[in-house]
Undergrad: 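Handing you a structure now.
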Amino acid sequence: MESLLAILLPISIWVFKYFGVPFWVAGIFLIPLIFLKKNPYWGKSLALIALVLGGASLLLRTPDFVYFYPVMVNAVLLAVFASSLNGSQTIVEKIARVRNSRFSDREIPYARKVTLAWVIFFAVNGSIAFATVFIEDKFYWSIYNGAISYVLMGLMFAGEFYCRKRYIKNA
C-alpha cells in the first residue's frame, strides 16, 4: 500500500490537472501513510513526515509541501543507511541476516560496501528530487519522482543482486 501511494502521488499531478483539481489536494495521499504497517528502521519517521507534509498542503492549500515528500523519503533512507555505517552492523547486514541464516562474517565487508553504495544512491537521488521541486514545469518533477527514480532504484537492486550472486556463493 505504501508503494502504491508513493507511485500515485507523482501520477496524480496529471489526473488532477485533467479534472481541474488543484494539486494541493494530493496531500490527501500522504495522510494514510501514518496508519500503514511501519518498517522498523524508517517507517515511523516517514509516517510522521507524510502526516506533516500532507497536512500542511491541505491546510495551507499549496502543493509545495507535497513536492518535498520524495526528497524527505530519500533523506530518511540516507540517514538510516549512513548512520548504520557507524554501528556494529550495517542496515544491509541486518536485512541479510534476517533473510539468510547462513550469512557469514566474511560477507560483512561486502554488506558494508553495499550500504555505502545505497548511501551514495540516496544522496544523489534525493539531490535530483530536490532540484525537481524548484523547476517550474512540474512535468519534470512527476516524471523523475514517479518513474525515473523507480527505474534507477530497480537497476540498483538488480546490479546489487548480480554482484551478490557473483561474490557470495549461497546468496
Side-chain angles (χ1 to χ4, degrees), residues 1-13 16 23-96 98 111-161:
M1 183 72 147
E2 248 175 290
S3 300
L4 178 62
L5 288 171
I7 292 169
L8 282 176
L9 185 63
I11 292 171
S12 68
I13 196 168
F16 284 30
F23 190 59
W24 60 263
V25 177
I28 200 78
F29 288 121
L30 298 180
I31 304 296
L33 291 177
I34 194 81
F35 301 108
L36 295 177
K37 179 181 174 191
K38 312 269 187 305
N39 179 294
Y41 303 112
W42 54 77
K44 290 178 183 175
S45 299
L46 287 180
L48 180 61
I49 289 168
L51 178 66
V52 169
L53 293 175
S57 282
L58 291 171
L59 290 172
L60 300 175
R61 296 180 179 221
T62 177
D64 296 345
F65 299 99
V66 173
Y67 295 130
F68 279 98
Y69 184 69
V71 177
M72 297 309 296
V73 168
N74 280 282
V76 167
L77 293 173
L78 171 63
V80 168
F81 278 70
S83 66
S84 79
L85 287 169
N86 296 324
S88 60
Q89 281 186 335
T90 65
I91 191 77
V92 171
E93 181 184 344
K94 287 179 184 178
I95 293 168
V98 168
R112 186 163 291 282
K113 289 176 186 171
V114 171
T115 302
L116 182 59
W118 278 107
V119 166
I120 294 166
F121 175 83
F122 290 127
V124 171
N125 195 47
S127 297
I128 296 169
F130 184 74
T132 65
V133 169
F134 300 102
I135 298 172
E136 192 170 332
D137 186 350
K138 294 306 177 198
F139 167 81
Y140 298 104
W141 178 88
S142 65
I143 292 299
Y144 185 79
N145 293 293
I148 295 171
S149 66
Y150 289 104
V151 169
L152 292 174
M153 194 174 298
L155 290 172
M156 181 79 171
F157 274 117
E160 191 278 322
F161 182 75

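Bear in mind the structure is a predicted one, so any value in this text is a computation, not a measurement. Along the sequence shown, the residues carry numbers beginning at 1.
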Undergrad: CG of N145 to OG1 of T132: how many Å apart, nearest 0.5 Å?
TA: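 Separation between the atoms: 4.0 Å.
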
Undergrad: Please round to the nearest 0.5 Å and tell me the distance separating atom CG of N74 and atom OH of Y69.
TA: 10.5 Å

Undergrad: Shortest non-hydrogen contact from A129 to Y144?
TA: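 Here A129 and Y144 meet closest at N-CE2, 4.1 Å.
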
Undergrad: Hey, could you give me each pair passing salt bridge (charged side-chain N to carboxylate O under 4.0 Å, His left out) that has a residue in residues 61-87? Not counting sequence neighbours.
TA: none

Undergrad: Counting heavy atoms not belonging to K138, are there more than 12 under 6.0 Å from its NZ?
TA: yes

Undergrad: Measuring from atom OH of Y150 to atom CG of L155, what distance do you get when rounded to the nearest 0.5 angstrom?
TA: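 Y150 atom OH to L155 atom CG measures 15.0 Å (nearest 0.5 Å).
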
Undergrad: When rounded to the nearest 0.5 angstrom, what is the spacing between CE in M72 and CZ in F130?
TA: 10.5 Å

Undergrad: Hey, what do you get for CG (L77) to CE (M153), rounding to the nearest 0.5 Å?
TA: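 Going from the CG atom of L77 to the CE atom of M153 covers 7.0 Å.
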
Undergrad: For a quick test of reading the model, state the closest non-hydrogen atom pair linking L85 to R112 and the distance between them.
TA: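 Reported closest heavy-atom pair: O-NH1, 2.7 Å.
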
Undergrad: At their closest point, which heavy atom of V66 faces which heavy atom of W141, and how far apart are they?
TA: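 That closest heavy-atom pairing would be O-CZ2, 4.1 Å.
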
Undergrad: Taking all heavy atoms of P70 and all of Y67, pick out the closest pair and write down the distance.
TA: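 Minimum heavy-atom separation between P70 and Y67: CD-O, 3.4 Å.
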
Undergrad: Any chance you could measure M156, atom CE, to S149, atom OG, to the nearest 0.5 Å?
TA: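 Those atoms lie 13.5 Å apart.
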
Undergrad: Given Y140 and I148, is the side-chain contact (heavy atoms from CB on, under 4.5 Å) satisfied, shown in steps?
TA: CA-CA 10 Å; Y140 298 104; I148 295 171; over 6 Å; no

Undergrad: Show me the donor-acceptor pairs, under 3.5 Å and distance only, between side chains in residues 114-123 and residues at least two apart or in other chains.
TA:
from: T115; atom 1: OG1; to: T90; atom 2: OG1; distance (Å): 3.1
from: T115; atom 1: OG1; to: A111; atom 2: O; distance (Å): 2.8

Undergrad: Ignoring hydrogens and angles, tell me if any N or O in the side chain of S57 forms a donor-acceptor pair with the backbone of T62 under 3.5 Å.
TA: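 Yes; judged by distance alone, with no hydrogens or angles, the pair exists.
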
Undergrad: Tell me, do F81 and V92 make a side-chain contact under 4.5 Å, heavy atoms counted?
TA: yes

